[in-house]
Amino acid sequence: MTTLTLSNISKLYPARAGADPLLAVDDVSFRVTQDEFCSILGSSGCGKTTLLKMIAGFEKPTQGEIHVGDSRVRGPDWRRTVVFQDYALFPWMTAERNIGFGLEMKGVPKRERDHIIKEHIELVGLQGFENVYPHQLSGGMKQRVAVARGLAVDPDVLLMDEPFAALDAQNRELMQNEMLRIWESERKMVVLVTHSIDEAIRLSDRIIVMTKGPGRIQEEIKVNAPRPRLEDDPEVMALKRRIRGLLEGNVTEAA
Ligand SMILES: Nc1ncnc2c1ncn2[C@@H]1O[C@H](COP(=O)(O)OP(=O)(O)OP(=O)(O)O)[C@@H](O)[C@H]1O
């Protein structure tokens, strides 16, 4: 079983012109298991994105180590793919070429690549849009391409940074449900960064609630309520109150 392990991770950004050094993440340790959906939840500036960038290998921790299975994270790698809020698709490539990009980098032969691309187009429900360019797609569809691209290389972990924040409320909910459907069929480890309590509760097996910056773990919460998690479910409502209390620094009765 592949486990993601963060051991005593800190990140100190060095001083920049006119700005002091900044401790963005302070001594964070947690584990995520193979098919777990884990969310990192916290207010703006608490170091969520910094944490995700370190897991992806884009930033190096100042202290501590990150491992996926036995191998230490030392840089970006197809084993940890990222879905960004702004999609980060290549505008000059069609949907299917975007999805196949990582496979090409990985050296997967064309025939196998075409097969995997087709499978992933179907997985995210984009049949008929294979040859369309990103500017011709809606925000939700672009995000489907980004999710398919992230999953096509069969990574150990899919990292998502506020992936639905740019969508309107209706499309956000639709994409959250789609993400659940995709995750349930793929059974992939997902680490999602979000500032939305509703999103974290709707999607996650476990929620890591961060303190305000410098980001430390305030609490890890296992979410046991069966999916789909409806807003008026008493367990969901109690959990929401509890997390809101934590984020406001005002811990309410445990749910
Ligand atoms: N490259 C950098 N150099 C210096 N400081 C940085 C850098 N990147 C982020 N920071 C600072 O580190 C802190 C944490 O930023 P980060 O983006 O990780 O937080 P966040 O929780 O993801 O916030 P948001 O939800 O607003 O995106 C912030 O104070 C930010 O200004």
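Basis for what follows: all heavy atoms, side chains included, without hydrogens, waters or symmetry-related copies. Since we're looking at a predicted model, the values are computed, not measured. Counting starts at 1 for both ligands and their atoms, in listed order.
- Heavy atoms of Arg16 approach ligand 1 to within less than 4.0 angstrom.
- For the pair Cys46 and ligand 1, a heavy-atom separation below 4.0 Å is found.
- Counting only distance, with no hydrogens or angles, the side chain of Lys188 and the backbone of Pro155 share a donor-acceptor pair below 3.5 Å.
- A salt bridge links Arg242 and Glu219; the closest N-O separation between the charged side-chain nitrogens and carboxylate oxygens is under 4.0 Å.
- Using a 4.0 Å cut-off between charged nitrogen and carboxylate oxygen, Asp154 and Lys106 do not count as a salt-bridge pair.
- Under the 3.5 Å distance criterion, the side-chain polar atoms of Lys53 are left unmatched by any main-chain donor or acceptor of Lys60.
- With ligand atoms numbered from 1 in the order given, ligand 1 contributes 21 (O) to contacts under 4.0 Å with heavy atoms of Ser43.
- Interface of Thr49 with ligand 1, defined as ligand atoms under 4.0 Å from a residue heavy atom, comprises 17 (O), 18 (O), 20 (P), 22 (O), 27 (O).
- The existence of a salt bridge linking Glu231 and Arg202 is confirmed by a sub-4.0 Å separation between a basic side-chain nitrogen and an acidic carboxylate oxygen.
- Counting only heavy atoms of the protein, atom 26 (O) of ligand 1 lies nearest to Ser44 OG, 2.6 Å.
- The atoms of ligand 1 that sit less than 4.0 Å from any heavy atom of Gly45 are 13 (C), 14 (C), 19 (O), 20 (P), 21 (O), 23 (O), 24 (P), 26 (O).
- Glu199 and Thr194 form a side-chain donor-acceptor contact under 3.5 Å, judged by distance and modelled atom types alone.
- Against a heavy-atom cut-off of under 4.0 Å, Thr50 is close to the following atoms of ligand 1: 15 (O), 16 (P), 18 (O).
- Using a 4.0 Å cutoff on heavy atoms, Ala19 does not count as a contact of ligand 1.
- Taking a cutoff of 4.0 Å between a charged side-chain nitrogen and a carboxylate oxygen, Asp114 and Lys118 do not qualify as a salt bridge.
- In this structure, Ile40 CD1 and Phe30 CZ are separated by 4.0 Å, a value rounded to the nearest 0.5 Å.
- Of all protein heavy atoms, the one lying nearest to atom 10 (N) of ligand 1 is Tyr13 CE1, 3.4 Å.
- Protein heavy atoms come within 4.0 Å of atom 1 (N) of ligand 1.
- Distances below 4.0 Å separate heavy atoms of Leu22 from the following atoms of ligand 1: 11 (C), 12 (O), 13 (C), 29 (O).
- Residue-level proximity to ligand 1 for His195 is absent, since no heavy atom of it falls below 4.0 angstrom.
- In terms of polar-atom proximity, defined here as any N/O pair under 3.5 Å, Lys48 does make such a contact with ligand 1.
- Applying the salt bridge (charged side-chain N to carboxylate O under 4.0 Å, His left out) criterion to Asp35, with sequence neighbours excluded, gives no partner residue.
- Counting protein heavy atoms only, atom 19 (O) of ligand 1 is closest to Gly47 N, 3.2 Å.
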